[in-house]
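Everything below concerns the one structure shown next.
Remember, predicted model here, so these are calculated numbers, not experimental data.
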Amino acid sequence: MESKPCKTFNLTYCISRELPGPCQPGRRKDASMARGGRAAGVSMAHLLGIALVVLVVAAMAQVARGGGGGHDYGMALSKSILYFEAQRSGVLPGSQRITWRANSGLADGKANGVDLVGGYYDAGDNVKFGLPMAFTVTMMAWSVIEYGEEMAAAGELGHAVEAIKWGTDYFAKAHPEPNVLYAEVGDGDSDHNCWQRPEDMTTSRQAYRLDPQNPGSDLAGETAAAMAAASLVFRSSNPGYADQLLQHSKQLFDFADKYRGRYDNSITVARNYYGSFSGYGDELLWASAWLYQASDDRRYLDYLANNADALGGTGWSINQFGWDVKYPGVQILAAKFLLQGKAGEHAGILQGYRRKADFFACSCLGKDAADNVGRTPGGMLYHQRWNNIQFVTSASFLLAVYSDHLAGGAVRCSGGGGAVAGAAELLAFAKSQVDYILGSNPRGTSYMVGYGAVYPRQAHHRGSSIASIRASPSFVSCREGYASWYGRRGGNPNLLDGAVVGGPDEHDDFADERNNYEQTEAATYNNAPLMGILARLAAGHGARARGRLGQSLQHGIAANHTSLPHGANHQHASPVEIEQKATASWEKDGRTYHRYAVTVSNRSPAGGKTVEELHIGIGKLYGPVWGLEKAARYGYVLPSWTPSLPAGESAAFVYVHAAPPADVWVTGYKLVYMSREVYGDRSAEDEKKRYCRRTGTRRQIDQIKGEEEEEELLSIQFRRGGGIYNDGKAEDRRAMASRGGAAASSSMANLLGVALVLAATAQTSARGGGGGGRHDYRMALSKSILYFEAQRSGVLPGNQRIAWRANSGLADGKANGVDLVGGYYDAGDNVKFGFPMAFTVTMMAWSVLEYGKQMAAAGELGHAMDAVRWGADYFVKAHPAPNVLYGEVGDGDSDHVCWQRPEDMTTSRQAYRLDPQHPGSDLAGETAAALAAASLVFRSSNPGYANQLLQHSKQLFDFADKYRGKYDDSMPVAKKFYGSFSGYGDELLWASAWLYQATDNRRYLDYLANNGDALGGTGWATNEFGWDVKYPGVQVLAAKFLLQGKAGPHAAVLRRYQRNADVFACSCLGKGGGGGNVGRTPGGLMYHQGWNNLQFVTGASFLLAVYADHLTAAGATVVRCQAGPAARASELVALAKSQVDYILGSNPRGMSYMVGYGERYPRRAHHRGASIVSIRANPSFVSCKDGYANWFGRAGSNPNLLDGAVVGGPDGRDGFADERNNYQQTEVATYNNAPLMGVLARLAGGGRGGLAEAAIKRPDNQTLLPPLAAAASPVEITQLNATASWKKDGRTYSRYAATVSNRSPAGGKTVEELHIGIGKPHGPVWGLEKAARYGYVLPSSLAAGESAAFAYVVRGRAAAPPADVWVIGYKLV
């Protein structure tokens, strides 16, 4: 459950009645709507005309659309009740059927001295919110009271009663005194920043209570209603328990009535999640009605009648019923009393209640004269996007109950053409809504998890989405939950059986994604009323015997209640069927690989519906897929040459991996008829012929034999496209793709043959030096340096070029009495981690020292020196005393559960420090190295600053050496993020080497030599170099001193260092021997690990280039390797170049892994600042939750270009998924770029070009990035003044027109998939389409120089200003 939006009443009017333009045919649009003049105006007129036609067609389709009666309501009933077992908190009973759950919340209430163990979690989180839980129990009890005998006939009454008792037992505990009620356990804010199983909970379990000083009439009243209704359920089977519940109910009602107030004013933490927007009047009436039903005490009927007007019961006409608004429920209960002859002297008032009940029914049926509930094109009642189905299930239940109590009567409606609605009509309509939920809808999707063939697989639910604690008992932290489970692709590991999710939007669209909580989150109050109507439908759809109503249920609670039935399944059947089988197996590198063939078929009868927009999910897949295309958001779709499946036809696809078959399922589809209605003048037969021509089969390819080719198929991932498949003979696709027979075999063989040819082509391209010298290394160098400006913290300078960033972290260090403003954020988050930041500065400085002259020639030396100084200035601040170093600002745990721009930061900014009592030799040593290297950069241009840096470096080295220890032992908050796994020996040697280079002081050379063995410099031969492991860097520096003749008496020791430098180089070249070579991907990339592998590639490439240049300068042109011949220095440079070329796009995917470089590069980097609209474009505050909700999971490119950033890169098979939640591959880091800028400068110089460390001077005329203008967005939005205004209900509505233009020059790029955000529109939007997740999309592309127009409506008390309108993302092609 995520934060709930405020609710308003009677919002179901048709705004089109008041619009003086688009809703009324024949009205002209203002010509000013289009900045292009007349043509755009005509375009808008056409657009509106089309919209009207579409509305008419949709209305016609709704009439024709059936739902059938083919649903298994008994099965659905069983599942709807089963779901509550997944929501249980406390000690689970022995009869628990949801076995992936375990005990949780066992200390709830302990801190308050009360036992609050038990109850229900409300939705997808781990908070026990009292208001929705009480409503849930009330509705479950009402369902049993009305339809308990039907539940008993289905074998489910026992389970239903258990579900009620689980809630009432909790409420009895939560009400320890007459005027005290515990209303909530847990905190929504802390819970929503955490993704954990309930069994692992580490979030707040504070309990919040109501009492006379902190009243809550709404919550106390709803709990009184729940206990009263539940007392009726147990009246016959357990009268003692029923009396206990009734006593609680009476006390709670008196408390609610005597001490009046809204509970969310007393418990403000609940307001953002379950605010009582309707007040408490409805709950007081609701409680009195249930107490009258439970006790027959006239006092409660008198209350219901005497307060009808004052508390709104006979005044409010409401067409929404749910956990907040109870008026329709009260009104139907009152009507029930009236119909049962129990009104007494209050018949007149109860007649007033009944009129409101009639209004509710008529509004749902669309027969009210003024205010009808909206409908989707598919016929579902529609109130709001966020969990709309809660109102559908509750309305359906009320309609069924009212229908049964009318007993053949009718309701009077005010609308024309249907002034009377019979009881049967109410029930039929309720049934249609239930059928929609179960799958009779345009998508053919069941919105009950586990029911039907197509249902949500990624429900927004913590427990369901994380591996069961029974299967994986390892603790899952808040951050790990978000990192490893929340954003993972594929279905939830645990089936949330029976849960009803939030459901589709107003267009019947639904995106089955875990981060789409508005649609995929389930809730107890969705299911509670549904179990009643399902029981009613399971017993038949005809008139219900009046004598069965309100029976005592004494025979109903069966001792032998059944479990979920097995065997024949009569659910709404999907026409789409998937079959898969293994077709081949082979061995490679000790592993067994399998090739699986899959057919997907449309089982509709001949002449039946065609399947379109078929989306397929594939889970647990570890290899490539052929025959499908990657969907825009997730999963796969049929390829472009096979866009649909006519009735009776099949399509095939293939995948390979070293595992059992992957999970393959249907995510969604549409069913359409291929008829004249769709194709106009073309007949269905004509269309079938055209379809067969369009999908003509592929060229026959000779069958490939042997396992070598199959292994090549495994090893290569390639880009799929339609071209090669569309080339060749036009054969009958249906014959080839049909299930069984030689034709299908031939089709599969052809598919595999094509895959092998493409794989071989990709391999040749990737390994043949693709890219060669074609890359613009100067451009890449410029971008690699520019990226650091996006990572700046503090007050940004006037020459800041990344314009979407602004000042941030301006209070850093203030709480510690030190100025820590400045420095760099390390990667995609907002923490300043000292360890990787110091390594970044060291590598930037080293890059400048080695290749500063080449940078100067490219016009980038000034920018590079600025980047070095931004870090060095921060470290000077962070070292306020000789033996004190601040090592981190911010907390990785709190930051990683928050998705905010750095400018909006609300997370912890605690500063952590090292001192003699808290040593950190590794971090202090790395910072000493950074400042020593930086002092060399500024030695000529700013000697005073250089001396300052050198003094800090010497003090830090002495601190590191004297007070030894690992920094992450002193600062454990850093251990999970940047733990010092290699220890501190390498950093002490690294710092001494840099101090010797900076000072020529033999003391530091002596240290390097004398500690070579003890600290591992001459002992460790490693092939990994990065922010943790510095040994190869130390060894290359020591070899450099040796080659330069600066070894003195330590030449022998430095030769041992050099031998380890040789091992590093040979290992990278694949000549290391003894199994110590660096791995390679099939495309030739050096490979260490799946998480940010490119950090090691850029680090190694730089070291290889530097070592080669110093070997060459000394005339020692070879490196001795254990395996194979000696390696020449030129081989080292060639390997470094090949790795850089791979990063820039010479790889099997043809993708640049530097953002902004090349045509294809990552668009969804895992980076908070880049992924959220710039604060300069939209200054509205973005909270942690808003960031995750609206930006982290959004479709489309990041709104801000993270120019020059190098992402984590591909996996061991050259595979890469450009998804924001794929942080292992798409997160960027400063230490990826820092060494890369050096080797790029080396390559941009066209050769060695001389070393630049002697006298570097900062140039005054540094250049900008050569083509930086390309970084500016070509998309421009212009809003015009309001084109019309009108008043309704005291509010002013205004219509605004806007144009969106592609400002690319003539012949330039076309804008596609343009997503536009519109803040707070209060009516329809014309000219744009609703996007699948949020925002709007332009229905067509925009060629260079073209514009499109759209319009929207806003409202206000006075003249409403225009809405915020911005570009979310787009593609340039």
Side-chain angles (χ1 to χ4, degrees), residues 114-116 118-120 130-131 133-148 157 160-183 210 216-259 280 282-305 307 326 329-330 333-334 336-337 340 342 344 528 532 549-554 556-557:
V114 63
D115 175 9
L116 295 177
Y120 289 109
L131 187 59
M133 194 196 308
F135 177 70
T136 294
V137 172
T138 307
M139 295 309 296
M140 287 196 290
W142 197 0
S143 293
V144 170
I145 290 166
E146 296 290 344
Y147 303 117
L157 180 57
V161 170
E162 285 178 358
I164 295 168
K165 193 171 189 295
W166 194 268
T168 52
D169 283 352
Y170 172 78
F171 286 129
K173 295 178 179 181
H175 182 225
E177 302 174 33
N179 293 335
V180 171
L181 175 64
Y182 282 89
L210 302 175
S217 304
D218 29 26
L219 176 52
E222 180 60 73
T223 311
M227 301 295 254
S231 74
L232 285 166
V233 171
F234 294 98
R235 176 59 56 207
S236 299
S237 61
N238 192 341
Y241 185 65
D243 288 342
Q244 178 189 358
L245 298 183
L246 193 57
Q247 182 64 19
H248 279 288
S249 177
K250 292 176 179 179
Q251 290 178 351
L252 284 164
F253 176 74
D254 291 341
F255 170 45
D257 191 40
K258 183 176 181 180
Y259 301 101
Y280 53 77
D282 48 342
E283 279 86 11
L284 289 175
L285 296 174
W286 179 241
S288 67
W290 277 110
L291 277 163
Y292 176 55
Q293 171 122 337
S295 66
D296 252 352
D297 187 333
R298 302 290 292 186
R299 167 196 163 197
Y300 298 109
L301 179 62
D302 292 343
Y303 188 99
L304 181 67
N307 291 278
K326 314 297 162 45
V330 175
L333 275 178
K336 172 183 170 181
F337 300 154
Q340 290 175 334
K342 297 173 64 177
L549 284 176
Q551 289 190 5
S552 67
L553 306 178
Q554 58 187 352
I557 304 175

| request: Take the angle between the ring planes of W166 and Y120 and call it parallel below 30°, perpendicular above 60°, tilted in between. | output: tilted
| message | Looking at every non-hydrogen atom in both residues, tell me the closest pair between A528 and S143 and how far apart they are. | response | O-OG, 3.1 Å
| message | Could you tell me if the side chain of I145 sits less than 4.5 Å from the side chain of W290, heavy atoms only? | response | yes
| query | Between W142 and L333, what is the shortest heavy-atom contact and its length? | reply | CZ2-CD2, 3.8 Å
| Donor-acceptor under 3.5 Å (T168 side chain, A226 main chain) | no
| remark: dist L291:CG -> L246:CG (nearest 0.5 Å) comes out at 6.5 Å
| So, the side chain of S231 versus the backbone of Q244: is there a donor-acceptor pair under 3.5 Å, distance only? | no
| request: Taking the side chain as every heavy atom from C-beta outward, state whether M140 and V233 have any atom pair closer than 4.5 Å. | output: no
| query | Can you tell me how far CG of L181 sits from CD of Q251, rounded to the nearest 0.5 angstrom? | reply | 11.5 Å
| query | Are the side chain of D257 and the backbone N or O of F253 linked by a donor-acceptor pair below 3.5 Å? | reply | no
| task | Nearest 0.5 Å please: distance from the CG atom of N238 over to the CG atom of D243. | result | 9.5 Å
| request: Under the side-chain contact (heavy atoms from CB on, under 4.5 Å) rule, what do F171 and L252 come out as? Steps first, then yes or no, please. | output: CA-CA 11 Å; F171 286 129; L252 284 164; over 6 Å; no
| said: Please determine whether side-chain contact (heavy atoms from CB on, under 4.5 Å) holds for the pair D218 and D282, giving the CA-CA distance in whole Å, both sets of side-chain angles, and the decisive distance to 0.1 Å. | reply: CA-CA 8 Å; D218 29 26; D282 48 342; 5.8 Å; no
| said: Which heavy atom of F337 sits nearest to which heavy atom of A289, and what is that distance? | reply: CZ-O, 3.5 Å
| field | Nearest heavy atoms of A183 and L219, plus distance in Å | value | CB-CD2, 2.9 Å
| Does M227 reach the side chain of H175, with side-chain heavy atoms less than 4.5 Å apart? | no
| What's the shortest heavy-atom distance between Y300 and Y292, and which atoms? | CB-N, 3.7 Å
| task | Would you check if D296 and L301 make a side-chain contact, meaning some heavy-atom pair closer than 4.5 Å? | result | no
| said: Between H248 (side chain only) and K250 (backbone N and O only), is there a donor and an acceptor less than 3.5 Å apart? | reply: no
| message | Taking L245's backbone N and O only, do any of them form a donor-acceptor pair with S249's side chain (distance below 3.5 Å, no angle check)? | response | no
| note | Looking only at heavy atoms, the pair that brings N179 and Y259 closest together is ND2-CE1, 3.7 Å
| field | From CA spacing to verdict: side-chain contact (heavy atoms from CB on, under 4.5 Å), T138, E222 | value | CA-CA 8 Å; T138 307; E222 180 60 73; 2.8 Å; yes
| request: Supply the atom-to-atom distance I164 CD1 to D169 CG, rounded to the nearest 0.5 angstrom. | output: 11.5 Å
| task | Run the numbers on Y241 and K165 for side-chain contact (heavy atoms from CB on, under 4.5 Å), then give the verdict. | result | CA-CA 10 Å; Y241 185 65; K165 193 171 189 295; 3.6 Å; yes
